[in-house]
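See below for the structure under consideration.
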2 protein chains.
Amino acid sequence: MAVTIADIAREAGVSIATVSRVINNTKPVSSDLKNRVFDIIEKNNFKPNELARGLITKKTNIIGVIVPDISNSVFGALIKGINIVCSKKGYTLMVTESGGDINNEIKLLDVLADKKIDGILFAGINVNHKLITEMQTKDYPVILVTQEASDGEGIMDTVVHDNIKAVYDATKFLIDNGHKRIAYIGGPKIDYSSGKKRLKGYKLALEDAKIKLIDSLIEQGEFSFQAGYLGMKKMYEENSVLPTAVVTGSDIIAMGVIQFLTGAGVNVPDDISVIGFDDLEFSTYFKPELSTVRISYFDEGAIAANELIKIIDGENITPQTHYVPHKIIRRSTIKNIN
Amino acid sequence: MAVTIADIAREAGVSIATVSRVINNTKPVSSDLKNRVFDIIEKNNFKPNELARGLITKKTNIIGVIVPDISNSVFGALIKGINIVCSKKGYTLMVTESGGDINNEIKLLDVLADKKIDGILFAGINVNHKLITEMQTKDYPVILVTQEASDGEGIMDTVVHDNIKAVYDATKFLIDNGHKRIAYIGGPKIDYSSGKKRLKGYKLALEDAKIKLIDSLIEQGEFSFQAGYLGMKKMYEENSVLPTAVVTGSDIIAMGVIQFLTGAGVNVPDDISVIGFDDLEFSTYFKPELSTVRISYFDEGAIAANELIKIIDGENITPQTHYVPHKIIRRSTIKNIN
DNA sequence: TTCTCCTTGGAAAAGGTTTTCCTATCTGTT
DNA sequence: AACAGATAGGAAAACCTTTTCCAAGGAGAA
């Protein structure tokens, strides 16, 4: 049988209340007594039962995390960032996987609620209105990370990278390197998804540079190697004149694109330049080494966790969107054709 | 205020005990009454407080996970496998990261105990005697995964791949392809670590094929790209006659090896064949496509989780080591020189 | 000296369940 | 008709804390 606070109280010859006060330092106790109690606690290796404690304090020091895919390295980095700050501040993580399915996400919101978590960090694929209203009925704080809410700006506290700006910068980087005929192969066209935002960044950059948009130079599909390969293949077959550069929605897509190109006898970067997105650890090892937009999902996680803990601690914070900076990383897949 | 079981009892005009029985189906209740209570529960969206419940049943339906590195894709796959079966069986995961540090691991064992988890899945780097004894003082079951205990075979229930056999097979595969001068570049030489086991598999295979061991063809270091690169570099510089094939301790190491080789003008696989270990998703995208030993960390996680839940459910299981099968995957980095 | 206020500590309620005893009713058997 | 045994439900203890309310004693002020 585990030792309880009552055992300590008995052995110290004081009341249970006093022991509790010593532990939590919640009311003055004479230092003599305090030391005696501490010694007895130490000796018996007593640890307060966190279930009993949570039952009354309504705090568990557990933070829930919902991600679409645990084994995806993007979310691996995110969770690592979250964990670094949470563990430092005495929180433990409850990690769940939604598969990106909204019904699953809603269910997980409840599963975690039942565990009495203190708050949730939510990484969704498509954070739509239904999801938002669902979150707002809960009695714990939720912070969006990785992905903004589809509408209702300013309602949810959010930590993301600026998808529009990032792809804008990537595209502009290619333009600055002399490219004019620039293709885009990106993620799915779900409303308000990051895929859509990234496409917008691409369009904006072309617009600002007064470059005309060519529909046949835009492909959208999954965030996968396969989709990159197929997207590039389609574009290759349907266009008599190829682009000189392609902006992609992720490193994985970029790799698929390059795979096709190389197989088709098109040299990267001599014939076509390619830029990825994310900067996976692996992108350095890829041949040719992938130029990309570096996103620190680790930082996103850390910042979001910090923000959530502030809210849990009762700081009154007005919801806002925090942008974590991105950075263009030049490696071997971009050629300056100026 | 959340609705409690007392509220339901009052509204139904029955005792709290009855409501509890209806919920848990723990004693016969007339079906009329049962339906009435269920309706009221539904209407009020009542969910039993899991803290209060856990306090008395001593069960939380939480499983703790300890891994060295959350963002490492090996552990990502492991956790995904664990989660698939746990979530299906009504358990939620509490994931923690140890950094592979033993003191941290010991601390986490307690942190999770304080959360009253029902059991732990432990993936360590070096599961030594100290750790084992520590685990055995706890009042929850622990299953080792990914990594066996250093000594005391048969004490801990364990789910791993057979490191010795896997590298043995990899080495033998090269031998069968006509190679005789085979190098090994693997993980660190910590006692009882997987690195050491893999080296043993390599040695055994050579021995069985009556091939003499050459010390200068063995390098051990971190499980990293860098270490692979440097290990191969050292070997390249110190040996006047190069190996025709190299067995590596991981895909990442293999990539480092190939990177160096390619840079030094040595062609893979024409001049030197290389085999990796793990079969990361990425190894297909690597150029040349990496031959490797496929380990399913996903399966390891799933099997281990199943095993743990059995134990939690009270099945009396004698500790044993479960081996999940591996598989040689031939891609483009091995040449048959027969 | 008397009164007030602060300090230290205890008793018991509260938090929300499950479970152990009981009791009363009903069914079926002889 | 009488009795055993099954069935249905309630009261209260138990799980282990924190916290509220109260009391006693001591210090300082008038």
Side-chain angles (χ1 to χ4, degrees), chain A residues 1-38 40-41 44-62 90 110 113-118 139-140 314, chain B residues 1-38 40-41 44-62 90 110 113-118 139-140 314:
Chain A
M1 223 39 246
V3 26
T4 76
I5 198 174
D7 299 328
I8 304 298
R10 197 176 317 117
E11 184 165 344
V14 297
S15 77
I16 288 179
T18 302
V19 178
S20 175
R21 281 163 192 147
V22 170
I23 295 170
N24 301 302
N25 197 25
T26 182
K27 248 184 83 173
V29 173
S30 69
S31 61
D32 267 12
L33 181 50
K34 199 182 287 190
N35 287 331
R36 200 169 86 232
V37 171
F38 270 135
I40 295 174
I41 287 176
N44 297 46
N45 191 27
F46 166 71
K47 304 258 199 72
N49 181 317
E50 299 203 6
L51 259 32
R53 181 178 262 179
L55 187 55
I56 175 160
T57 60
K58 280 152 180 13
K59 184 144 198 297
T60 53
N61 292 305
I62 300 174
D110 277 336
D114 291 348
K115 301 294 182 194
K116 305 295 173 191
I117 44 84
D118 291 335
D139 55 355
Y140 50 76
Chain B
M1 225 37 245
V3 25
T4 77
I5 197 174
D7 299 328
I8 304 298
R10 196 176 316 115
E11 185 165 344
V14 297
S15 78
I16 288 180
T18 302
V19 177
S20 174
R21 281 164 193 148
V22 170
I23 295 170
N24 302 300
N25 197 25
T26 182
K27 248 183 82 171
V29 173
S30 69
S31 62
D32 267 14
L33 180 51
K34 201 184 285 191
N35 288 330
R36 199 169 87 233
V37 171
F38 269 136
I40 295 175
I41 287 176
N44 298 48
N45 190 28
F46 166 70
K47 303 259 199 74
N49 182 317
E50 298 202 6
L51 259 30
R53 180 178 263 180
L55 187 55
I56 176 161
T57 61
K58 283 157 182 4
K59 185 142 197 300
T60 52
N61 293 305
I62 301 174
D110 278 336
D114 291 348
K115 300 296 183 194
K116 304 294 172 194
I117 44 84
D118 292 334
D139 56 355
Y140 50 77

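No experiment lies behind these values; they were computed from the predicted model shown. Just so we're on the same page: letters track the sequence lines, and every chain starts at 1.
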For [X], salt bridge (charged side-chain N to carboxylate O under 4.0 Å, His left out) partners two or more places apart:
X      : answer
B:K116 : none
A:R10  : A:D7
A:K47  : B:D114

Going by the rule side-chain contact (heavy atoms from CB on, under 4.5 Å), which residues pair with [X] if we only count those two or more places apart in sequence or in a different chain?
X      : answer
A:N35  : none
B:I62  : A:M94, A:K115, B:T60, B:M94, B:I117
B:A113 : B:Y140

Among residues 11-22 of chain B, which contact DNA chain C at a heavy-atom distance under 4.0 Å? B:I16, B:A17, B:S20, B:R21
Between protein and nucleotides 22-27 of chain D, map the contacts as a letter string: B base, S sugar-phosphate only, - none, heavy atoms under 4.0 Å, written 5' to 3'. ------
End-to-end axis angle, where each axis spans five pairs of the helix from C:dT1-D:dA30 to C:dT30-D:dA1, to 10°: 50°
Side chain to side chain donor-acceptor pair (under 3.5 Å) partners for A:N61, two or more places apart: A:K59
List the atom pairs, donor and acceptor, that lie under 3.5 Å between side-chain atoms in residues 22-29 of chain B and the rest of the protein, sequence neighbours left out.
from, atom 1, to, atom 2, distance (Å)
B:N24, OD1, B:R53, NH2, 3.0
B:N24, ND2, B:S20, O, 3.0
B:N24, ND2, B:S20, OG, 3.4

For DNA chain D, determine which residues of residues 44-56 of chain B have any heavy atom closer than 4.0 angstrom to one of its atoms, and list them numerically. B:L55, B:I56
